[in-house]
Protein chains: 4
Amino acid sequence: MSTTRSAVAREPKRQRGHIRVAAIIEAGVEVFTEKGYDAATMTEIAARSGTAIASLYRFFPSKEALADALLLQYANYALDGLAELRSRAPGMTLDGIAGAFVDFRLELQSQRRFAISLADTRGAIDDKRQRFREAMLDGMAGILREVIPSLTKAKSEVMATILLQILKGVAVVSQEKPTARRVLLAEIKKLIYVYLASAEPLV
Amino acid sequence: MSTTRSAVAREPKRQRGHIRVAAIIEAGVEVFTEKGYDAATMTEIAARSGTAIASLYRFFPSKEALADALLLQYANYALDGLAELRSRAPGMTLDGIAGAFVDFRLELQSQRRFAISLADTRGAIDDKRQRFREAMLDGMAGILREVIPSLTKAKSEVMATILLQILKGVAVVSQEKPTARRVLLAEIKKLIYVYLASAEPLV
Amino acid sequence: MSTTRSAVAREPKRQRGHIRVAAIIEAGVEVFTEKGYDAATMTEIAARSGTAIASLYRFFPSKEALADALLLQYANYALDGLAELRSRAPGMTLDGIAGAFVDFRLELQSQRRFAISLADTRGAIDDKRQRFREAMLDGMAGILREVIPSLTKAKSEVMATILLQILKGVAVVSQEKPTARRVLLAEIKKLIYVYLASAEPLV
Amino acid sequence: MSTTRSAVAREPKRQRGHIRVAAIIEAGVEVFTEKGYDAATMTEIAARSGTAIASLYRFFPSKEALADALLLQYANYALDGLAELRSRAPGMTLDGIAGAFVDFRLELQSQRRFAISLADTRGAIDDKRQRFREAMLDGMAGILREVIPSLTKAKSEVMATILLQILKGVAVVSQEKPTARRVLLAEIKKLIYVYLASAEPLV
DNA sequence: AATGAATGAGCCTTCATTCAT
DNA sequence: GATGAATGAAGGCTCATTCAT
């Protein structure tokens, strides 16, 4: 499938390797998420994944490469989910789609797969994040046009930007206590609903 | 740089200190904002504020203490602004208050006073940030009740949480190009408006 | 790469081993020469010789051992050449022998067989280098006595030391551009000639 | 004198600093000489100079910068000595100048000031070494023309190249036992003498 | 009181060498 | 026997923080 990839993660050729990589990725997500890119140390990631530091470097030739890989994986997962949502979109009510968006974001969280707070990380990785963001916006805009056909492309893009920001709130409220959490998630759904409704032409 | 100081009236120590502290804070905001907490170095902050490193440490005994102070200052500024907004709230239309919220957030940005991306920084500083967040939520909930008297306290707090998240979007869209920016800010205002309107009982 | 090996006559192990070793030695010479002892990595030598790293270690149990082997091979080659030169020495003119020495050194260079700049490498290898040096001096002193029979053993050894140093210059000038190179090589020959002549008793 | 110098050694502003720098330079010369550039470690240089590693880096911002500084210092010292020799050259006999060259080289050695075996070191430092070499050749060629006026510029340069190589032998024989050493040094002088004489037109 | 210097802990990364399949 | 994977020791370098003048 893929032959050589310069500075990017190299995939293992033996069974054990895959397990290792999985452990590293998991630890990487954990540590990056907990501490942020700069404060995370390769040593800790290695330790937490039960790998020797040099082994970690065998698969991910640099800290940045590891972060890249984590982001990429998250991006793929998220984009896949979004595509799936889109396929279900036609015929959904505004209310349904509002809930679907929130559930989608919730799912992303639950899958411990995401990584790296949106902060620090300068340099090359930022480009990739930017591209990911654009792909997300694109996908969301598409969904919006699916459910509100009267939307122009431009308008749908603006709304997607807003929507993305709203959905970030899901991550924030996820840290609240269960009760508050439930209430807040319902409120976010409602917010999205009224927002979408306000953009739909009155029949 | 240092001049004679024989008979000349030397400013009272407090005065000099204040100037120094102000310079440090300004430099601190700059550097933290530009590079993030981890990548910012005390040496650079010292240099950029024209202070010797040891002097910097006289006023702020650690990097974290400096970040704390920066946050505190920002919090005070923000809370003051919020209080002021609250005093103007009574009698404002929903539309007016939606705009006012956005303008308020915009103002915060423009005043180079705020610092440190909400990420990295772990430890003690997080508590303070939490308290600041709560104070903000409190203030915003109050304003909401001011403009939508029918709101219960609980409901207003939920809405404040949502609103705060929406307002974070102002920072995000501020990085877009002027045209897009203007459009997006208008959209945020609209979003807030429809959200507030949805919570107001139909007369 | 690896083919079937069922009924096909597999070369005797020894044979295969020799090929491997030869490949490793060649790669070793290359890499050591290009990068120097320290900067050369066993991994690269393995890769460049098409050997697996573990196989390399089967033949040469350490980096130093490999360097040793390289030196030894070079020493043998050089000493053989010197012996051959010695056999041709009787009856040569001083001028002829001067040229022969330079050509001899030139030959050594051309045969990509030599390795490792005379620097770095500490430890055990230095002893071997020392012994090699002595063997060379010995051989050269012998040749000198062959062409200048009046030389005492002691004197011939002193002269050999000097001569060896002069010949190192061949390596240095070899890096010059062709034209300069030619001139400098001729000059070295002349230097050797006048040096030898100065030691020959006036007839 | 000098204000800022990017990646090069920074000179201390206080008394203590000069002492430190001197100690570092001495240790640097020692370690680089003993182990070669690659094998030398900053940690050892720091330790041997009684400095903390970070202090070392305060003055010399990188290993290469330190090596650079060492080379520069050596070059200056050597070139000064050569200039001085040149001023004494007019009127010297060939025999005298031969001895003077050897003494000059000997002096360089004795002044523990020189550094870094001519091996390893790739990159930027090699350029400087090259320039240094050329300056030396230039100076030596000048001296040769001083004592053998009939020399063309080109011829003197060729001879200087040869001479430089011969003089390297001084370093080599310096490692011999005193007795052998004395004999060899005398032989080098003689070699230089006959070489120079061979280039002088018969009167 | 102010400041340049000193420092040690720690980070990312590499590599010779040994395992385990 | 051959090979990819594993590893730990070490190296260059930075930075928050403390001394000493």
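The figures here come from the full heavy-atom set of this structure, side chains too, leaving out hydrogens, waters and symmetry mates. Letters A, B, ... are given to chains in the order of the sequence lines, protein chains preceding strands, and every chain is numbered from 1.
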**Request:** Starting at atom CE of B:Met42, determine the distance to atom P of E:dT3, rounded to an integer number of angstrom.
**Result:** 15 Å
**Prompt:** When the distance from CG of A:Leu56 to P of E:dC11 is rounded to whole Å, what number comes out?
**Reply:** 14 Å
**Prompt:** For the pair made of CD in D:Glu44 and C1' in F:dG11, what is the distance, rounded to whole Å?
**Reply:** 12 Å
**Request:** Take the protein atom CD1 of A:Ile45 and the nucleotide atom P of E:dT13, then report the distance between them rounded to whole Å.
**Result:** 11 Å
**Request:** Counting Watson-Crick and G-U wobble pairs whose two distances are both under 3.5 Å, find the runs of 3 or more in a row that involve DNA chain E.
**Result:** E:2-21 with F:2-21
**Asked** In terms of the nearest nucleotide of DNA chain E, which residue is placed more toward the 5' end: B:Thr51 or A:Thr43?
**Response** B:Thr51
**Request:** Look at all strands and tell whether C:Thr41 reaches a base, only sugar-phosphate, or nothing, counting heavy atoms closer than 4.0 Å.
**Result:** sugar-phosphate
**Prompt:** If you check the B:Ala52 side chain, which of F:dT7, E:dT7, E:dT3 turns out closest?
**Reply:** E:dT3
**Asked** Passes side-chain contact (heavy atoms from CB on, under 4.5 Å), C:Asp68 versus C:Lys128? Steps please.
**Response** CA-CA 8 Å; C:Asp68 260 29; C:Lys128 307 203 173 168; 2.4 Å; yes
**Prompt:** Rounded to whole angstrom units, what separation is found between the CZ atom of A:Phe60 and the C1' atom of E:dC12?
**Reply:** 16 Å
**Asked** Where each residue is assigned the nucleotide of DNA chain F containing its nearest heavy atom, which of D:Lys63 and A:Gly50 is assigned the position nearer the 5′ end?
**Response** A:Gly50
**Request:** With DNA chain E as reference, determine whether B:Ala54 or A:Ala40 sits nearer its 5' end, using the nearest nucleotide of each.
**Result:** B:Ala54
**Prompt:** For C:Ser55 and F:dT3, is the shortest distance between a side-chain N/O and OP1 or OP2 below 4.0 Å?
**Reply:** yes
**Fill in**
Rounded to whole Å, the CD1-P distance (C:Ile24 to E:dA16) equals 15 Å
**Fill in**
Rounded to whole Å, the CZ-C1' distance (A:Arg58 to E:dC12) equals 18 Å
**Item:** Distance (rounded to the nearest 0.5 Å) between C:Ile24 CD1 and C:Glu26 CD
**Value:** 11.5 Å
**Request:** Return the nearest nucleotide to the side chain of C:Tyr57; candidates are F:dA6, F:dT18, E:dT18.
**Result:** E:dT18
**Asked** Roughly how far apart are A:Tyr57 OH and A:Thr51 OG1, rounded to 0.5 Å?
**Response** 12.5 Å
**Complete:** Of A:Ile53 and C:Ile53, the one whose nearest nucleotide on DNA chain F sits closer to the 5' end is C:Ile53
**Asked** If you count the non-hydrogen atoms of other residues, nucleotides and ligands that lie under 6.0 Å from CD in A:Glu44, is the total more than 12?
**Response** yes
**Request:** Whole angstrom is fine here: how far is it from OH in D:Tyr37 over to C1' in F:dG11?
**Result:** 12 Å
**Value rounded to 0.5 Å, distance of NZ in A:Lys63 from CG in A:Asp38** = 6.0 Å
**Message:** Can you tell me how the ring of B:Phe32 sits relative to the ring of B:Tyr37, calling it parallel under 30°, perpendicular over 60° and tilted otherwise?
**Reply:** parallel
**Request:** Output yes when at least one side-chain N/O atom of D:Arg20 is less than 4.0 Å from OP1 or OP2 of E:dA6, else no.
**Result:** yes
**Prompt:** Atom CD1 of C:Ile53 and atom OG1 of C:Thr41: how far apart are they, to the nearest 0.5 Å?
**Reply:** 7.5 Å
